[in-house]
Amino acid sequence: MSISKHQLFCLVVLFEIGSTTLFALGIEAKQDAWIVIIFSAIIGIILIVIYTELQKQFPKKNFIEIVFELLGKSIGRPLAFLYGLFFLYGSSRNLRDFSELMKITFLARTPRLVLHITIMAVMVYIIILGLTVLGRTSEIMLPIFMFCILITIMMVIISPEFDIKELSPVLSNGIKPILNSSFPMVINFPYGEVFAFSMIWCYTNHQKNIRKSSILAIILFTVLLLITTIIIICTIGVDYASISTLPLLEVIKMIDVGNILTNLDAVGVIILFIGGFYKTVIFLYAAVLSFSTLFEIKPSKWLIFICAIIETWFSIVFESSYAYHIWLGHKASLPYLFNTFQIIIPPLLLIICWLKIKVKKSKIDRYEY
């Protein structure tokens, strides 16, 4: 079970794209949303440096094993269990996002349970096949995604609805709206979510290239996110983008090139679905690896099925409506749950790791003396 540095790059790009295409990120800062993306990306790269620095100290261990190494199993086991639930929760949120996408667009009459089971069945099958297969599929899907998104961007830019003046005035309300929009929202979602790869980095063939591949993937993703944010603002305007359910899809619906290229909704759904699928499956895979490490068992089929059933139940029964789903994620989960598990705990563990190394080195020096 291993992936190459190129497969890691593809997986990180698709994962980060995820459900970001469903929202106009940073739109609280209005026409300065693109500045929010740049600022959050810088913080996101710093987070990757922190995550990979911790991984660098234990190159053959996943995050749960690192927790056991640093905190011991008495403290590490409860924390590992919570991280398993956290990854499972992240996967269930994305599953709900994309079942709603399918219902809004093409499958309005299909029961939500059928959609969830269908998507989950594909994810379970890929996870059973293993990480190597998942990495290979990403190498196929990323070029398809890039082709679709680049064609869409070009079509929008040449359309008469595109107006670059919508981006002005810049910083009309100062820096405060940008900071408020960046934290905790955009820094955690999507940049902090790359933390899920802390369960996967140890399976990369070239450990020295983990940080480089991940940062390059973040840079490519940021460029794509920056461009899509700009075309959303310049095409449908800030006010409509802030209330639209699927702003990018609304932009794609407006494409009309000589009354020939129109109604490209299918392309939009492909763009939205590819990223969402990979984010959902990687979160689920991280959850499976967390529980298998915690209980010291191999990631067997029954464990995968149990996680899949719990996730399906949670995304349908617990989150009774899509409005509640959005509120729970943006107002409750991001400021508290995601902040704790993605922003606070990993740096603390890195500090503990450095302290342990320093103490160990001082003991060796004292012994040699």
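Keep in mind that this is a model prediction, so the values were computed, not measured.
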List the residues meeting side chain to side chain contact (heavy atoms under 4.5 Å, CB included) with Phe81, not counting sequence neighbours, and say none if there are none.
Leu85, Phe291, Leu294
Would you find a donor on one side and an acceptor on the other, under 3.5 Å apart, between the side chain of Ser213 and the backbone of Ile210?
no
Same apolar cluster: Ile119 and Ile310, side chain cutoff 4.5 Å:
yes
Looking at every non-hydrogen atom in both residues, tell me the closest pair between Leu167 and Cys234 and how far apart they are.
CG-SG, 3.6 Å
Under 3.5 Å donor-acceptor pairs involving side-chain atoms of residues 138-151, not counting sequence neighbours:
residue : atom : partner : partner atom : Å
Ser138  : OG   : Gly135  : O            : 2.5
Glu139  : OE1  : Gln7    : NE2          : 3.1
Glu139  : OE2  : His6    : ND1          : 2.8

Close side-chain approach of Leu289 and Tyr203, heavy atoms under 4.5 Å:
yes
Rounding to 0.5 Å, atoms CZ (Phe341) and OH (Tyr336) come to a distance of 15.5 Å
Measuring from Leu349:CG to Ile344:CD1, what's the distance to the nearest 0.5 Å?
12.0 Å
What about Leu284 and Val317, same hydrophobic cluster or not, with Ile/Leu/Val/Met/Phe/Trp/Tyr joined at side-chain heavy-atom distances under 4.5 Å?
yes
Donor-acceptor list for residues 350-359 side chains, cut-off 3.5 Å, not counting sequence neighbours:
residue : atom : partner : partner atom : Å
Lys356  : NZ   : Leu70   : O            : 2.8

For Thr137 versus Leu134, what's the shortest heavy-atom pair and its separation?
OG1-O, 2.7 Å
Please give me the minimum heavy-atom distance between Phe162 and Val156, naming the atom from each residue.
CB-O, 3.4 Å
Set of side chain to side chain contact (heavy atoms under 4.5 Å, CB included) partners for Ile297, sequence neighbours left out:
Ser292, Phe295, Trp302, Leu303
Between Ser91 and Thr280, is there a donor-acceptor pair closer than 3.5 Å when you use the side chain of the first and the backbone of the second?
yes
May I have the list of side-chain donor-acceptor pairs in residues 22-29 shorter than 3.5 Å, sequence neighbours left out?
none

Quick one: are Ser40 and Met185 in side-chain contact, heavy atoms under 4.5 Å?
no
Applied to residues 220-236, the side-chain hydrogen bond (donor to acceptor under 3.5 Å, both in side chains) test, sequence neighbours excluded, yields Tyr191-Thr222
Looking at Glu250 and Ser244, what are the two nearest heavy atoms and their distance?
CG-OG, 3.3 Å
For the pair Lys61 (side chain) and Cys202 (backbone), establish whether a donor and an acceptor sit closer than 3.5 Å, ignoring hydrogens and angles.
no
Backbone N/O of Leu171 and side chain of Asp32: donor-acceptor pair under 3.5 Å
yes
Begin from the C-alpha positions of Asn339 and Phe183 and carry the test side-chain contact (heavy atoms from CB on, under 4.5 Å) through to its verdict.
CA-CA 10 Å; Asn339 259 347; Phe183 187 82; 3.7 Å; yes
Just by distance, with hydrogens left out, do His116 and Ser99 show a side-chain donor and acceptor under 3.5 Å apart?
yes
Pairs satisfying salt bridge (charged side-chain N to carboxylate O under 4.0 Å, His left out), at least one member in residues 175-198, at least two apart
Glu193-Lys279
For Glu53, check salt bridge (charged side-chain N to carboxylate O under 4.0 Å, His left out) against everything at least two apart and list the hits.
Arg211
Return the CD1 to CG distance between Ile17 and Leu224, rounded to the nearest 0.5 Å.
5.5 Å
Taking C-beta and beyond as the side chain, do Thr110 and Met102 meet within less than 4.5 Å on heavy atoms?
no
Gln55 side chain near Ile66 side chain, heavy-atom distance below 4.5 Å:
yes
Non-hydrogen atoms of Ala241 and Ile232 that approach each other most closely:
CB-CG2, 3.7 Å
State, yes or no, whether a side-chain contact exists between Ile126 and Tyr285 at a heavy-atom distance under 4.5 Å.
no
Pair listing, salt bridge (charged side-chain N to carboxylate O under 4.0 Å, His left out) test, anchored in residues 285-312, at least two apart
Lys73-Glu296, Arg77-Glu296
Sequence neighbours excluded, the answer for side chain to side chain contact (heavy atoms under 4.5 Å, CB included) partners of Leu79 is Val67, Leu71, Tyr83, Ile345
Heavy-atom closest pair, residues Phe338 and Tyr89
CE1-CE2, 3.8 Å
Would you say Ile218 and Ile46 are hydrophobically clustered, going by side-chain heavy atoms of ILVMFWY under 4.5 Å?
yes
Membership question, hydrophobic clusters at under 4.5 Å side-chain separation (ILVMFWY): are Met123 and Tyr125 in the same one?
no
Any chance NZ of Lys103 has more than 12 other-residue heavy atoms, nucleotides or ligands included, within less than 6.0 Å?
yes
Do Leu101 and Leu246 come close enough that some side-chain heavy atom pair is under 4.5 Å?
yes
With heavy-atom distances below 4.5 Å as the criterion, would you say the side chains of Pro190 and Phe221 are in contact?
yes
Would you kindly confirm whether Val288 and Ile309 end up in one hydrophobic cluster when ILVMFWY residues are joined by side chain heavy atoms under 4.5 Å apart?
no
Could I get the full list of salt bridge (charged side-chain N to carboxylate O under 4.0 Å, His left out) partners for Glu100, not counting sequence neighbours?
Arg96, Arg112
Report the residues that fulfil salt bridge (charged side-chain N to carboxylate O under 4.0 Å, His left out) with Lys212, sequence neighbours left out, ordered by chain and then residue number.
none
With a 4.5 Å heavy-atom cut-off, do Leu47 and Ile187 have their side chains touching?
yes
Classify the angle between the aromatic ring planes of Phe87 and Phe195 as parallel (below 30°), tilted (30 to 60°) or perpendicular (above 60°).
parallel
Report the C-alpha separation of Trp201 and Ser214 in whole Å, then their side-chain angles, then the decisive distance to 0.1 Å, and conclude whether the side-chain contact (heavy atoms from CB on, under 4.5 Å) test is met.
CA-CA 10 Å; Trp201 277 323; Ser214 300; 3.2 Å; yes
Worked verdict on Phe277 versus Phe98 for ring pair (Phe, Tyr, Trp, His ring centres under 6.0 Å)
CA-CA 8 Å; Phe277 177 82; Phe98 287 91; 9.5 Å; no
